Amino acid sequence: MSAYAAATITRSQDEIAARLAEAEPPLSDEGMEISYATAPGGRGTEVRVRLAKSAPGGAVGQKLAAVIGTDPQRRLDDALRRFKQVLETGAVVSSEGSPGGTDAKQQRSQEPAAPAPTSR
Amino acid sequence: MRANCWMGRNTVEVRDVPDPRILNSRDAIIKVTSTAICGSDLHLYDGYIPTMEKGDVLGHEFMGTVVELGPGVHDLAVGDRVVVPFPIACGACNSCLDGLYSLCENSNPNAGMAEKLWGHASAGMFGYSHLTGGFAGGQAEYVRVPFADVGPIKIENDLPDEKVLFLSDIFPTAYMGAEMCDIKPGDVIAVWGAGPVGQLAVASAYLLGAEKVIAIDRFDYRLQRAAEKTGAVPVKYDEVNVLEVLKDLTAGRGPDACIDAVGLEAHSDLGPLQVYDRVKQAVRAETDRGPALREAIIACRNGGTVSVIGVYGGLMDKFPVGSWMNRSITMKTGQCHVQRYTRPLLERIERGEIDPSFVISHRLPLEEAPQGYETFKHKQDDCVKVVLSA
């Protein structure tokens, strides 16, 4: 079971490729298939990524990983979203409820949307 | 600091919470001077919007003074007076570049959650559930404003808070609702809901050149206010047949455009359909009641436009798809792209073309927010709009 994700980023292909090192795993992993295309109408660059890697533990392990948000698909979705945020806005976007930013695992156990006393 | 927090269905409490801090270089901390309770806050209060957490700070209509800035914000200074749009927008993604700020592709950290429900996600929003990002809201003494270099609009004159506060949401929302009607000379517009947004939608439709604007509601005091303050033609839906009245007012054509300023908790006096919707909502087979939207579609003239600014969350039954399709009705909708409207609408206020503060009926201190929610929800004491001072 491979993972796949795609995003359109308002940056040039050259810039995206050059800054790929800033991405988080599994997007930054070796063996990541990544392809670029110019988005139509001046919309930037279409980025498509495929990861030929499954969660450990066979079918049961994969199901469990999908439920708790640690399977390669969700991790890849998160990593691509965060990479897009870094390229387009300068940083990973965080809220009081998701202080670590986009994270499928954390989405299941949200902090209240109120300022935290100290860094969580 | 003190903040108004969601503590469960029908329960809000003003509590002590930590002061917000700068988390990102493009953040600002605002000391809130005025904030308002929105009709859409009642959807949270009533428990119709999923993904609320106990302790969430509410509030997405607010303004105040900049007290702290991240190093990445260059066009604001400490001490500036600002109004903050309710959608959080980065200004750099394709949606923002197209002016579709409430669809910002980067500002919602919980976009994955929203995609499961809606297919694609909307922007992050202040104090409006975790589906829209889990951001702490502005019914508080202080609030963190992300992307402070994109959203907040500086108020550089001495206009009082009350005249400019509603640039944060309801005035742009109402104005966009009227703008989506693509009003031409002679057009008759009908607005479902004579609450604060409905009343401002009537005023906006007149600003945009409508010939006649009709307001539909069941509360006398709201209709009366809409008639007095905006020049609306009032229609009380529990006393007349709305469709017949609208046909009469337009000599059979139907309104050229219809605005739904009600949303998912619409009430109907058609007993059986109201019961049907309530039961389906209660067993979670339908999340959104739809009598206002259904009626708006059926009432609209052939080839007309239905503009939806009332908030919906999930699924609705008995959508009159045949009426919509066969009669070439255009539907336009969206959470308001507030950042697109703040400048031109501030200018309209400055020129004296409109003073949106006419909707305010109640002024309370932040500490009395829970009372404000109750009064607003139950439409006690002729409540139209509650403004809280922090």
Side-chain angles (χ1 to χ4, degrees), chain A residues 5-11 15 39-47 66-67 69-71 73-120, chain B residues 1 3 5-6 15 17-21 23-27 29 51-58 70 72 88-98 104-113 115-116 121 124 126-137 140 142-144 146-147 150:
Chain A
T8 303
I9 301 179
T10 56
R11 291 291 181 271
E15 184 186 347
R43 292 174 175 86
T45 304
E46 297 178 349
V47 182
V67 169
T70 59
D71 62 323
Q73 181 61 56
R74 296 198 197 187
R75 291 183 62 226
L76 183 62
D77 286 341
D78 283 349
L80 185 57
R81 272 188 224 281
R82 295 163 77 98
F83 184 51
K84 174 176 155 82
Q85 289 169 6
V86 168
L87 287 176
E88 290 186 338
T89 80
V92 170
V93 177
S94 61
S95 69
E96 286 74 11
S98 283
T102 293
D103 179 350
K105 199 158 80 249
Q106 205 265 324
Q107 258 167 40
R108 304 182 62 81
S109 53
Q110 288 277 292
E111 305 281 346
T118 52
S119 56
R120 280 161 174 151
Chain B
M1 69 165 181
C5 301
W6 188 89
R15 316 177 82 208
V17 302
D19 287 349
R21 293 170 298 121
L23 299 180
N24 184 287
S25 70
R26 294 169 67 187
D27 289 352
I29 305 293
T51 73
M52 291 297 289
E53 300 282 336
K54 195 174 173 183
D56 286 351
V57 178
L58 293 170
I88 299 168
C90 77
C93 64
N94 276 316
S95 298
C96 286
L97 294 173
D98 280 347
C104 174
E105 296 161 27
N106 289 313
S107 64
N108 182 355
N110 300 332
M113 209 191 267
E115 283 172 0
K116 281 195 199 116
F126 291 99
Y128 210 77
S129 87
H130 291 252
L131 212 51
T132 63
F135 289 92
Y142 296 91
V143 60
R144 177 181 74 102
F147 302 122
V150 176

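Everything numeric in this text was worked out from a predicted model, so none of it was measured. Residue numbers start from 1 in every chain, and the chains themselves are labelled A, B, ... in the order their sequence lines are given, proteins ahead of strands. All heavy atoms count here, side chains included; hydrogens, waters and symmetry mates do not.
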Go through the atoms of [X] and report whether side chain, backbone, both or neither lie under 4.5 Å from a heavy atom of chain A.
| X | result |
| --- | --- |
| B/Pro20 | both |
| B/Asp19 | backbone |
| B/Ile88 | neither |
| B/Phe147 | side chain |
| B/Met1 | side chain |
| B/Asn110 | both |

Next on the checklist: Shorter than 4.5 Å, heavy atoms on both sides: which option in B/Asn106, B/Val57, B/Asn108 has the most such pairs with chain A?
Outcome noted: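 If we count pairs closer than 4.5 Å to chain A, B/Asn106 comes out on top.
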Next on the checklist: Counting C-beta onward and ignoring hydrogens, is there a side-chain heavy-atom pair between A/Pro112 and B/Trp6 closer than 4.5 Å?
Outcome noted: no
Next on the checklist: Which one wins on heavy-atom pair count under 4.5 Å against chain B: A/Gly101, A/Ala91, A/Ser94?
Outcome noted: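 So the answer, after comparing A/Gly101, A/Ala91, A/Ser94, is A/Ser94.
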Item to check | Among A/Glu88, A/Gln107, A/Arg11, A/Gln85, residue most engaged with chain B (heavy-atom pairs, under 4.5 Å) | outcome: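 Result: the option with the highest number of such pairs is A/Gln107.
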Checklist entry - Given a strict heavy-atom distance threshold of 4.5 Å, which part of A/Thr10 is in contact with chain B: side chain, backbone, both, or neither? => result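 The side chain, not the backbone.
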Item to check | Flag, side chain of A/Asp103 to backbone of A/Ser98, donor-acceptor distance under 3.5 Å | outcome: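 Absent.
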Checklist entry - Any ion pair linking A/Arg74 and A/Asp71 (charged N to carboxylate O, less than 4.0 Å)? => result yes
Checklist entry - Quick one: CE on B/Met52 to SG on B/Cys5, what's the gap to the nearest 0.5 Å? => result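 Separation between the atoms: 10.0 Å.
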Next on the checklist: The criterion is side-chain contact (heavy atoms from CB on, under 4.5 Å); which residues satisfy it with B/Ser95, sequence neighbours excluded?
Outcome noted: B/Cys93, B/Leu100, B/Leu103, B/Glu105
Item to check | Residue list, side-chain contact (heavy atoms from CB on, under 4.5 Å) with B/Glu53, at least two apart or on another chain | outcome: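 B/Glu53 satisfies side-chain contact (heavy atoms from CB on, under 4.5 Å) with A/Gln110, B/Asp56, B/His130 only.
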Next on the checklist: Looking at every heavy atom in both B/Cys90 and A/Thr89, which two are closest together, and how far apart are they?
Outcome noted: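 For B/Cys90 versus A/Thr89, the nearest heavy atoms are CB-CG2, 3.5 Å.
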